[in-house]
Protein chains: 2
Amino acid sequence: MNLKQLSELLGLSQTTVSRALNGYPEVNEATRERVLQAVKETGYRPNKAAQRLATGKAGSIGLVMPTAPGHQSDVHFGEFLAGLGEESVRHDFHFVIMPSDPDDEVAALRRLAISGNVDALFVAYMRGHDPRIPMLKSLSMPYVVHGRSFGSEPDYPFLDIDNEGAFYDATRLLLQLGHTRFALMNGPMHLDFAIRRKNGVISALAERGLTLDEDCMSHALMTDEQGLLAMERFLQLPNRPTAILCSSTVLALGAIRAVNQAGLRLGEDISLIAHDDVLPLLKPESFSVPLTTTRSSLRAAGARIAQRLIGTVKQAGPFPDQELWKTELIVRASTGPAPQQL
Amino acid sequence: MNLKQLSELLGLSQTTVSRALNGYPEVNEATRERVLQAVKETGYRPNKAAQRLATGKAGSIGLVMPTAPGHQSDVHFGEFLAGLGEESVRHDFHFVIMPSDPDDEVAALRRLAISGNVDALFVAYMRGHDPRIPMLKSLSMPYVVHGRSFGSEPDYPFLDIDNEGAFYDATRLLLQLGHTRFALMNGPMHLDFAIRRKNGVISALAERGLTLDEDCMSHALMTDEQGLLAMERFLQLPNRPTAILCSSTVLALGAIRAVNQAGLRLGEDISLIAHDDVLPLLKPESFSVPLTTTRSSLRAAGARIAQRLIGTVKQAGPFPDQELWKTELIVRASTGPAPQQL
DNA sequence: GGGAAATTTCAAAGCGCTTTGACAACCAAC
DNA sequence: GTTGGTTGTCAAAGCGCTTTGAAATTTCCC
């Protein structure tokens with residue numbers, strides 16, 4: 001069943017039927033009703049490819065999924081996708097995923113943009129001075145950046161959380177509890193959020209005249225394995241840290257295993273605050289010692305970005321171009337007063 | 001730049017240019033060279049929407065991502081996606097994701113199929129007597145099922161691992177080590193793989209005249225939290241099991257925490273074998289006590305399914321319709337002889 | 001050199017939709 | 001009863017590609 005057949009069935013022109021379907025005002029309400037009824041009965045569905053060709057709109061948003069043989073498939077990515085998905089299905093959009101080697105993202109993004117398969121782009125895993133930003137600007141296609149790019153003029157549309165503020169607050173809490181020896185277990189060094197979180201820690205420490213040693217910083221993929229390794233290193237330092245800031249609950253998982261293995265008690269010998277992306281798989285409150293966290297839902301961010309992108313494509317009102325979400329600092333049992341000096 | 005302009009530029013007809021581009025034989029090699037050269041210089045890219053309309057092929061495969069507000073976004077899903085992605089990018093395919101409430105998958109799948117956005121479908125998370133199978137059969141669109149559907153005639157294209165065999169073998173290993181009290185920590189009861197794994201355990205036990213108590217079975221989402229809860233229950237049983245079979249390394253994570261908390265030693269007081277989907281996030285060899293596992297790579301399965309789907313769409317030779325992959329049983333330190341009777 | 005066969009190219013007809021510009025049909029107002 | 005403004009409907013022209021069927025050109029063989 002196509003439009004032509006449907007219109008013949010109804011004794012109307014294709015124009016009228018098309019207009020009735022797409023909510024144009026210049027159609028008699030009675031006629032529209034008839035058309036809608038016929039659609040129900042015949043199960044007519046407009047051909048997407050033809051719609052696309054005619055309108056130039058694809059009804060989909062595109063994104064690049066970093067993946068390579070052997071590359072980590074990131075839990076955080078799946079969670080974000082879920083948010084994006086929930087929102088797009090609500091608007092009858094779908095999304096197109098272009099897998100790409102993480103080293104080749106600019107090219108992948110360009111391919112996706114010119115493929116004509118998408119109306120808008122979303123990008124994540126931002127780095128400092130990210131080359132994708134100028135590229136996106138040069139494209140005439142709506143986009144939203146998840147995160148920001150340190151070092152680039154922030155004049156592009158983004159949604160980010162206040163990473164620096166989150167880790168500043170977390171650090172201050174630990175300072176107030178009397179801790180003086182800190183360590184930071186961070187994501188890969190080149191990623192924007194990692195830079196900002198580090199800055200947050202450093203500036204809070206600086207207020208008390210403290211610094212963060214090179215030894216007390218780790219930059220790695222956010223896996224439990226890396227968390228374990230990093231923590232083991234920290235614990236072997238001559239003057240080992242008592243306060244740990246951790247960029248993910250996944251890292252925390254490994255870190256805590258290391259703490260346990262060393263026979264230390266979390267929340268007493270070692271205090272730890274992790275950033276919580278609200279992964280349903282890893283609830284900080286159900287850790288054996290519930291985790292103090294800075295919280296911001298990755299899924300909610302995904303949904304919001306989808307909303308902005310789709311709204312822009314549909315020209316449904318203006319959206320704020322730049323959003324910075326505050327995180328919540330939630331205190332649980334993994335933080336406690338600094339242990340007495342030995 | 002479109003085809004018309006390009007052909008005018010070359011002084012050729014659209015037909016010839018189109019044929020040259022698409023590798024048809026009825027084009028002079030010299031002409032083809034000229035065309036290809038012009039494409040390079042002008043950066044011409046055929047309009048996808050028009051191609052689709054003309055050919056009826058979308059160049060993409062579709063899948064339904066189960067997601068709902070509050071629903072688990074599954075680590076296993078992301079890993080599978082990575083495999084699918086690696087392969088599809090290799091063939092210039094992309095995939096379209098339709099998010100859907102897990103209770104509404106049949107409808108979502110149908111929407112996706114008739115949306116005209118995809119050439120082929122992939123489905124996973126199969127259940128017993130899965131209603132999607134008859135639905136897929138009724139569609140005239142290629143598809144591959146990941147897993148199988150217990151109770152349905154296996155006359156549809158699938159790729160599955162030998163779940164029953166894996167758990168049969170794992171159980172036999174534990175039996176040989178002298179264990180007699182078993183527990184099974186499984187995925188959700190309605191899922192096909194869970195049914196088959198359970199059968200594998202039961203039939204291995206039956207050979208020794210043993211049975212699996214209702215108490216010693218848990219069916220739950222495969223999260224570490226559920227693993228913890230299930231194991232805590234097992235450990236409180238009057239005659240507690242010494243051998244645990246576990247459907248995922250994620251479940252094992254929680255289970256092991258419970259074992260530790262109870263002051264028991266893994267591989268001595270309790271033996272555990274988990275199924276390992278080769279999640280890069282959770283390597284069984286880097287657990288504090290390395291895990292004995294049945295292994296089969298989810299990512300490889302994703303890649304293989306993409307290969308079959310794309311091959312079918314492109315009519316590139318026949319593929320086996322049904323594949324059953326064996327798993328590997330890899331023995332590490334989490335299994336040991338049954339402890340002496342008390 | 002002529003005719004048949006093979007090779008190369010082309011004009012035109014779709015694919016199924018949207019949208020433009022024109023045209024009836026109707027109403028109110030003078 | 002004509003004018004002017006709405007309303008509702010339509011025919012036809014795209015959108016940019018593929019593909020059919022025919023025509024033009026070249027090649028081959030006797």
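These numbers come from the heavy atoms of this one structure, side chains and all, not from hydrogens, waters or symmetry mates. Here is how names work: the chains are called A, B, and so on, in the same order as the sequence lines, proteins then strands, and each is numbered from 1.
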Inset, instruction - Report yes if at least one side-chain N or O of B:Asn28 is closer than 4.0 Å to OP1 or OP2 of C:dT7; otherwise report no. - result: no
Inset, instruction - Return the nearest nucleotide to the side chain of A:Ala54; candidates are D:dA11, C:dC17, C:dG21. - result: C:dC17
Legend entry - Within-4.5 Å side-chain heavy-atom neighbours: A:Val123 and A:Leu63: no
Inset, instruction - Starting at atom CD of A:Glu8, determine the distance to atom P of D:dC10, rounded to an integer number of angstrom. - result: 12 Å
Inset, instruction - Compare side-chain N and O positions of A:Gln51 against OP1 and OP2 of C:dT18 and report whether any pair is under 4.0 Å apart. - result: yes
Inset, instruction - May I ask you to check whether A:Gln37 and A:Glu41 show a side-chain donor-acceptor distance below 3.5 Å? - result: yes
Legend entry - Proximal nucleotide (of D:dT18, D:dA11, C:dG16) relative to the A:Asn2 side chain: C:dG16
Legend entry - Near-ring test A:Tyr125/A:Phe80, centroid separation under 6.0 angstrom: no
Legend entry - Phosphate contact (D:dT9 OP1 or OP2) by A:Thr16 side-chain N/O below 4.0 Å: no
Inset, instruction - Would you indicate, yes or no, if C:dG16 has its OP1 or OP2 atom less than 4.0 angstrom from a side-chain nitrogen or oxygen of A:Asn47? - result: no
Legend entry - Electrostatic pair B:Glu323:B:Arg308 at N-O distance under 4.0 angstrom: yes
Legend entry - B:Leu53 or B:Glu29, whichever maps to the more 5' nucleotide of DNA chain C: B:Glu29
Inset, instruction - Whole angstrom is fine here: how far is it from CG in A:Leu3 over to P in D:dC10? - result: 12 Å
Inset, instruction - Give a yes or no on whether a salt bridge exists between A:Asp192 and A:Arg148, defined as a side-chain N under 4.0 angstrom from a carboxylate O. - result: no
Legend entry - Selection from D:dT9, D:dT18, C:dT9 that lies nearest to any side-chain heavy atom of B:Thr31: C:dT9
Inset, instruction - Specify the residue among B:Pro25 and B:Ala50 whose closest nucleotide of DNA chain C lies further upstream toward the 5′ end. - result: B:Pro25
Legend entry - Any donor-acceptor N or O pair under 3.5 Å, side chains B:Arg52, A:Asn117: yes
Legend entry - Contact under 4.0 Å: B:Ser18 side-chain N or O vs D:dC17 OP1/OP2: no
Legend entry - End axis versus end axis in the helix from C:dG1-D:dC30 to C:dC30-D:dG1, the angle rounded to 10°, five pairs used at each terminus: 50°
Inset, instruction - Look at all strands and tell whether A:Thr55 reaches a base, only sugar-phosphate, or nothing, counting heavy atoms closer than 4.0 Å. - result: sugar-phosphate
Inset, instruction - Return the nearest nucleotide to the side chain of B:Gln14; candidates are C:dT18, D:dA11, D:dC17. - result: D:dC17
Legend entry - Presence of B:Tyr24 side-chain N/O under 4.0 Å of D:dT19 phosphate oxygens OP1/OP2: yes
Legend entry - Sugar-phosphate only, base, or nothing, as touched by B:Glu26 at under 4.0 Å among non-hydrogen atoms: base
Legend entry - A:Lys137 atom NZ, over 12 foreign heavy atoms within 6.0 Å: yes
Legend entry - Atom-to-atom span, CG of B:Asn22 to P of D:dG16 - whole angstrom: 17 Å
Inset, instruction - Report yes if a side-chain nitrogen or oxygen of A:Thr15 is closer than 4.0 Å to either non-bridging phosphate oxygen (OP1 or OP2) of C:dT19; otherwise report no. - result: no
